[in-house]
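In what follows, a single structure is set out as structure tokens and then discussed.
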Number of protein chains: 2
Amino acid sequence: MVLSNYSTEDKVLLAVDCIIFGFDKEELKILLVQRDFEPEKGKWSLIGGFLTKEENLDQSAIRILHHLTGLNNIYMEQVYSFSKVDRDPAERTISVAYYALIDIATHDEELIKQNPIQWFSLKEAPKLIFDHDMMVEKAIARLRRRALSKPIGFELLPEKFTMRQLQKLYEAILDTKLDKRNFINKFNSFDILIKLDEKDMSSSKKGAYLFQFDQEKYNRKVEDGFNFKI
Amino acid sequence: MVLSNYSTEDKVLLAVDCIIFGFDKEELKILLVQRDFEPEKGKWSLIGGFLTKEENLDQSAIRILHHLTGLNNIYMEQVYSFSKVDRDPAERTISVAYYALIDIATHDEELIKQNPIQWFSLKEAPKLIFDHDMMVEKAIARLRRRALSKPIGFELLPEKFTMRQLQKLYEAILDTKLDKRNFINKFNSFDILIKLDEKDMSSSKKGAYLFQFDQEKYNRKVEDGFNFKI
DNA sequence: ATCTATTAGTGTTAAAATTACACATATTTT
DNA sequence: AAAATATGTGTAATTTTAACACTAATAGAT
């Protein structure tokens, strides 16, 4: 009987790096950490860690995110695996990138300041270590594609939000200006919003109606997908 | 100075498994190999191998594909990384799936029969080992998305092909019937085909005009993308 | 009290894209 | 000569997308 001889194969470290996207009513941001160990100590980096023997990649991403931020129940999705031979000069490491989506306002308090982590506007983020800038780029592309093919917002907006906030989220993700009326018409055609009687008074004298997602219809649209053409 | 202490982290085997799609004028197929070692000896499997220390994942996928099929210069794309803890009962192994596209007719002779490899129609493929069926599923979804957002065909069709063959390719990938006239109108609007004076006489008495891709325009469309709405 | 400034909210029309749909042509076989 | 088979071609109806401008509400300034 021929047995597999896995024992002669090279083993590698498998890292998980998280591109954590947040939205704060205006801007799309990412959460970065200042590295406190060599190599590249003091430089900004994605939040990351290593896969352990007892967990799969999804679990690892959840654990790493939780460990460095205290956050739980966060939407995450695998993006791509990065494997350039010398991407980490310390040791051969392959890294699997995950992106996460969170509403900054809702989770601000949980983000304990004990860790040297900080939100950066996407456009003003510092240069990152290794190939982390490539990871961010790929994650943005993925996020963008997602926003065009499925509803997005549940993870990035507070429970109640105005139409303008929703539009600004889409504008931030797609990096483009959208027409107010066309956006509303389009989004309403998806039939996943519930208009509330409350108004948000923080942004104007007139006040703006608040909306919620209809969870069930939202989920159905996530399943079925749609075509949001900008 | 705090040094990273990578040495305590778990290392794992990193496999690369290839979903090799082929097209033979009628059907979409995948190339499978019969495993000749334990575990799961004798069962059908994707073509795979292990990442080595000297190569990145893309290179590894190319090497593995070449080693088992003799094929060179094949379009490949990373799909997803699979990491269930016990996915390979022999040893903890994470696998990165790649899909490849090849034109069966052009490459048939290169596919040396020394290896126990065989084409299967997608619909009639046997159950595969481990999580390989999931990999195939994910690769099909990716291929489908690709076909809707960029031209496809250069990799899967012979140099010269008929409109009907191109349509059949799209129908196979999208798993749906398309209207002949609408398909032609749509595809012509992309302006990436060159109509030749030659006819293919193999499929009808009347003969069907052969087409070629305009390589330059095709590549530009791959870059820019399009929206093929079925 | 009036004016000003600011953001919210709302519909229509033109243009473009998509869909549905049917018959004549060329040729080989019978 | 007729039958069979796959090719090749265009238009009209429908749907979707894109462009576009004014009124409403209200707080703050004068």
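The figures that follow rest on heavy atoms only: side chains count, while hydrogens, waters and symmetry mates do not. Note on naming: letters A, B, ... go to the chains in the order of the sequence lines (proteins, then strands), and numbering restarts at 1 for each one.
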When B/Asp179, B/Leu178, B/Ile184 are each screened for side-chain contact (heavy atoms from CB on, under 4.5 Å) with B/Arg181, the one that passes is B/Asp179

To the nearest angstrom, the NZ-C1' distance between B/Lys199 and C/dT28 comes to 14 Å

Are the side chain of B/Tyr218 and the backbone of B/Phe154 linked by a donor-acceptor contact shorter than 3.5 Å? yes

In whole angstroms, the gap separating P of D/dG8 from NZ of B/Lys186 amounts to 21 Å

The ring pair (Phe, Tyr, Trp, His ring centres under 6.0 Å) partner of A/Tyr170 among A/Phe23, A/Phe161, A/Phe228 is A/Phe228

Rounded to whole Å, the CD-P distance (A/Gln167 to C/dT7) equals 14 Å

note: A/Asp200, atom CG; D/dT26, atom C1'; distance rounded to Å ~ 15 Å

Rounded to whole Å, the CZ-P distance (A/Phe183 to C/dT10) equals 15 Å

Considering only heavy side-chain atoms of B/Arg164, the closest of C/dG11, C/dA20, D/dT7 is D/dT7

Exercise: do B/Gln215 and B/Asn219 side chains pair donor with acceptor under 3.5 Å: yes

Against the side chain of A/Ile184, the closest entry in D/dC20, C/dT10, D/dT9 is C/dT10

Side-chain contact check for A/Asn182: nearest option of C/dT7, D/dC20, D/dG10 is D/dC20

Exercise. So, B/Asp131 side chain and B/Met134 main chain: donor-acceptor pair closer than 3.5 Å or not?
Worked result: no

When rounded to whole Å, the CZ to C1' distance for the pair B/Phe228 and C/dA17 reads 13 Å

Which of A/Leu143, A/Ile140, A/Leu122 passes side-chain contact (heavy atoms from CB on, under 4.5 Å) with A/Ile173? Answer is A/Leu143

message = I'd like to know if B/Arg181 reaches the base of C/dA22 with its side chain, counting only an N/O donor and acceptor under 3.5 Å.
response = yes

| task | Identify whether any heavy atom of B/Lys195 sits under 4.0 Å from a base atom; if not, whether one sits that close to sugar-phosphate; answer base, sugar-phosphate or nothing. | result | sugar-phosphate

Of B/Asn185 and B/Lys229, the one whose closest nucleotide on DNA chain D sits nearer the 5' end is B/Asn185

In numerical order, the residues of residues 206-214 of chain A whose heavy atoms come under 4.0 Å of DNA chain C are A/Lys206, A/Gly207, A/Ala208, A/Tyr209

With the side chain defined as heavy atoms from C-beta on, A/Ser204 is closest, among C/dA8, C/dT27, C/dA20, to C/dA8

Atom CG of B/Leu166 and atom C1' of D/dG8 are separated, to the nearest Å, by 16 Å

- Message: If we count only N and O atoms by modelled type, under 3.5 Å, do the side chains of A/Asp17 and A/Ser95 hold a donor and an acceptor together?
- Response: yes

Against the side chain of A/Lys205, the closest entry in C/dT18, D/dT7, C/dT6 is C/dT6

Hey, does the side-chain of A/Lys180 have a donor or acceptor N/O within less than 3.5 Å of a partner on the base of C/dG9? yes

Taken to the nearest whole Å, CG/B/Asp179 to C1'/C/dA22 is 11 Å

